[in-house]
Novice: 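Right, I'll just put the structure down here and ask away after.
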Amino acid sequence: MPELPDVEGFREVVARHAVGRRIERVDVADAGVLRGVTARQLGDRLHSHRFGKPERYGKWLIARTDGPAVLMHFGMTGSLAWLGSGAPRARYDRVVFVTDAGELHYSDMRKLQGIRLAQGPDDVDRVLAGLGPDALTVGSGEFGRLLTRHRRAIKPTLADQHVLAGLGNLLVDEILWRARINPRRPANSLDPGERDGLYRQMRRVLRDSVRQGRVPAKPSWLTGVRGQPEARCPRCGTPLSRGRIGGRTTVWCPNCQRAA
DNA sequence: TCAGTTGTTTATAT
DNA sequence: AATATAAACAACTG
């Protein structure tokens, strides 16, 4: 489920358990998730290094050590968990970082993304180059200016990592629904009041989601009902609309989110 | 068998 | 240059 809130949760897993731990070895169960590095290189270069303070940028987790940094992306089905030493491997555990006091399990069924190793700060920058500002820390002024620069529909604009980093399909639908903005509206057609409202709802949805470590599937949220066959708007009860916008399934309320 | 899925990149066309 | 669409990656589920 990895969007910004999920990855923020994975960052906390590392921050809480892995920091200061010494990497003894790296078990690669499926090298299909390694990008630009072999299993042997990954193990050799990380051996004996200790995890440092992790960071998140957009949907990327940057697990720094006192040597190289491990860059993880979780695609659509990835996750990260801290387990005790000698924990059994789960079915889709692809890489396990074994430390002196526990293990970090990188799991991913679909392997759409993967793990990179950055030898230095330049390598990290190269991977993150081109991403827009992080959705959790962007200011309202910059956020508004981003929107005025694109005439594309607001939905794919917000989900474009090069414009703004961190929002995925579920979050964008949730935020637009909260802000009562139709997903097909051109981004640069929003007036200043709408841009401000959108920013505030983004903050709110992100704050609540980060607290949960995921986009909550509460019945009062669009995300909580969007999977149902005859889903209705949690706010007004109108049957929800469903369509493809920007190549992704999009759910919105035709009553609350009128086309302009 | 077919369509769909929380992500991203690439090719192609407009 | 910006935008739109489809396909590809992989492994499921209904």
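Letters go in sequence order (proteins before strands), and every chain restarts at 1.
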Novice: Without decimals, in angstroms, what is the distance between A:Phe10 CZ and B:dG7 C1'?
Specialist: 13 Å

Novice: Ion pair present between A:Arg214 and A:Asp6, side-chain N to carboxylate O less than 4.0 angstrom?
Specialist: no

Novice: Please give, in whole Å, the distance from C:dA11 C1' to A:Arg91 CZ?
Specialist: 9 Å

Novice: Does the side-chain hydrogen bond (donor to acceptor under 3.5 Å, both in side chains) test come out yes or no for A:Asn182 and A:Lys155, once each step is laid out?
Specialist: CA-CA 8 Å; A:Asn182 187 280; A:Lys155 152 98 188 203; over 6 Å; no

Novice: Here's a test for you: under ring-ring contact (aromatic ring centres under 6.0 Å, His included), which of A:Phe74, A:Tyr106, A:Trp82 qualifies with A:Phe10?
Specialist: A:Phe74

Novice: Hey, can you pull the residues of residues 226-234 of chain A with a non-hydrogen atom under 4.0 angstrom from DNA chain B?
Specialist: none

Novice: So, OP1 or OP2 of C:dA11: does either fall under 4.0 Å of a side-chain N or O from A:Thr77?
Specialist: no

Novice: Output one letter per nucleotide in nucleotides 8-14 of chain B: B when a protein non-hydrogen atom lies under 4.0 Å from the base, S when only the sugar-phosphate is that close, - when neither is.
Specialist: BS-----

Novice: Can we say A:Lys218 and A:Asp208 salt-bridge, meaning some charged N sits less than 4.0 Å from an Asp/Glu carboxylate O?
Specialist: no

Novice: Can you tell me how far apart CG (A:Asp173) and CG (A:Leu158) are? Round to the nearest 0.5 Å.
Specialist: 10.0 Å

Novice: Is any NZ, NE, NH1 or NH2 atom of the basic residue among A:Asp108 and A:Lys111 found under 4.0 Å from an Asp or Glu carboxylate oxygen of the other?
Specialist: no

Novice: With a 3.5 Å distance limit and no angle check, can you tell me whether A:His47 reaches the backbone of A:Glu24 through a side-chain donor-acceptor pair?
Specialist: yes

Novice: What nucleic acid atoms does A:Arg35 come within less than 4.0 Å of, heavy atoms only: base, sugar-phosphate, or nothing?
Specialist: nothing

Novice: Using the P atom on both, measure B:dT8 against C:dA1 and round to a whole Å.
Specialist: 24 Å

Novice: Should the pair A:Arg116 and A:Trp60 be classed as cation-pi, given the thresholds of under 6.0 Å to the six-membered ring centre and 45° from the axis?
Specialist: no

Novice: Is it true that A:Arg200 and A:Asp196 have a side-chain N and a carboxylate O under 4.0 angstrom from each other?
Specialist: yes

Novice: Under 4.0 Å, counting only non-hydrogen atoms across every strand here, what does A:Thr223 touch: a base, just sugar-phosphate, or nothing?
Specialist: nothing

Novice: What N/O pairs connect the protein and nucleotides 3-9 of chain C at under 3.5 Å? Give each pair on its own line.
Specialist:
unit_1, atom_1, unit_2, atom_2, d
C:dT3, OP1, A:Arg151, N, 2.9
C:dT3, OP2, A:His150, ND1, 3.3

Novice: Less than 4.0 angstrom from a charged side-chain N to a carboxylate O is my criterion; do A:Arg11 and A:Glu8 meet it?
Specialist: yes

Novice: Between C1' on B:dG7 and CG on A:Asp173, what's the gap in Å once rounded to a whole number?
Specialist: 15 Å

Novice: May I ask you to check if A:Arg226 and A:Trp221 form a cation-pi contact, with NZ or CZ under 6.0 angstrom from the six-membered ring centre and within 45° of the axis?
Specialist: no

